[in-house]
Amino acid sequence: MLDFVTLKLNGDFRRLYNRGKAVTNPALVMYYSKNRAGICRIGITTGKKIGNAVERNRSRRIIREAFRSVVKEIDGGFDIVFVARSKTKYQKSTYIEKIMRDMMSQENMLFNKKEGAE
């Protein structure tokens with residue numbers, strides 16, 4: 001079963017850049033907006049400043065793997081675009097996962113664990 005769908009259309013990326021909210025970190029930037037689909041849709045962007053094709057693909061793989069661990073905790077449907085920065089290619093997916101959790105909990109995108117404890 002798919003936990004998320006990939007954004008592929010340029011219009012979707014542009015909509016998030018212009019109308020979505022942004023959260024930044026030295027290793028990652030996240031643009032997001034709530035959607036009505038009830039499922040997470042993600043897009044990953046790596047510019048040429050990151051490095052050659054091998055380094056850009058590594059950055060995308062790291063971000064995708066980190067998101068797979070976090071997606072089960074997301075509350076509701078969101079459109080999310082992750083933009084890799086130059087530090088991303090040197091990090092492990094567990095570190096990027098921690099950054100994603102921090103960003104998403106800061107923006108109240110994750111399930112609140114205290115509610116389920118009752």
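Applying the salt bridge (charged side-chain N to carboxylate O under 4.0 Å, His left out) criterion to Glu65, with sequence neighbours excluded, gives Arg68. For Ser86, there are no side-chain contact (heavy atoms from CB on, under 4.5 Å) partners two or more places apart in sequence or in a different chain. With sequence neighbours left out, the side-chain hydrogen bond (donor to acceptor under 3.5 Å, both in side chains) criterion links Tyr95 to no other residue. Taking the ring-ring contact (aromatic ring centres under 6.0 Å, His included) definition, one finds that Phe78 meets it with nothing, sequence neighbours left out. Among residues two or more places apart in sequence or in another chain, the side-chain hydrogen bond (donor to acceptor under 3.5 Å, both in side chains) test is passed with Lys98 by Asp102. Every residue two or more places apart in sequence or in another chain was checked for a side-chain hydrogen bond (donor to acceptor under 3.5 Å, both in side chains) with Arg64, and none qualifies.
The two residues Arg101 and Ser69 make their nearest non-hydrogen contact at NH2-O, 3.6 Å. The nearest pair of heavy atoms linking Ala84 to Ile50 is O-CD1, 3.4 Å. Nearest heavy atoms, Ser33 versus Gly20: CB-CA, 4.4 Å. Across Ile80 and Met104, no two heavy atoms sit closer than the pair CD1-CE, 4.0 Å.
In this structure, Val81 shares a hydrophobic cluster with Leu7, Phe13, Leu16, Tyr17, Val29, Tyr31, Val83, the cluster being traced through Ile, Leu, Val, Met, Phe, Trp and Tyr side chains under 4.5 angstrom apart.
Looking at heavy atoms from C-beta onward, Arg85 lies in side-chain contact with Thr24 at the 4.5 angstrom threshold. Using a 4.5 Å heavy-atom threshold, the side chains of Gln91 and Ile99 count as separate. Residues Ile63 and Met100 have side chains in contact (heavy-atom distance under 4.5 Å, counting atoms from C-beta outward).
Put simply, the side chain of Arg41 never gets that close to the backbone of Gly77: no donor and acceptor are under 3.5 Å apart. Formation of a donor-acceptor pair under 3.5 Å by the Ser93 side chain with backbone atoms of Ile62 is not found in this model.
With rounding to the nearest 0.5 Å, the separation of OH in Tyr90 from OG in Ser59 is 9.5 Å. Note that CG of Leu110 is 8.5 Å distant from CG of Asp75, once rounded to the nearest 0.5 Å.
For the salt bridge (Lys or Arg N to Asp or Glu O under 4.0 Å) condition, the pairs that include at least one residue of residues 5-30, sequence neighbours left out, are Arg15-Asp79. Legend: ring pair (Phe, Tyr, Trp, His ring centres under 6.0 Å) pairs involving residues 34-69, not counting sequence neighbours, sorted by first then second residue: Phe4-Phe67, Phe67-Phe82. Screening residues 45-62 for salt bridge (Lys or Arg N to Asp or Glu O under 4.0 Å) gives Glu55-Lys89 as the qualifying pairs, with residues at least two apart or on separate chains.
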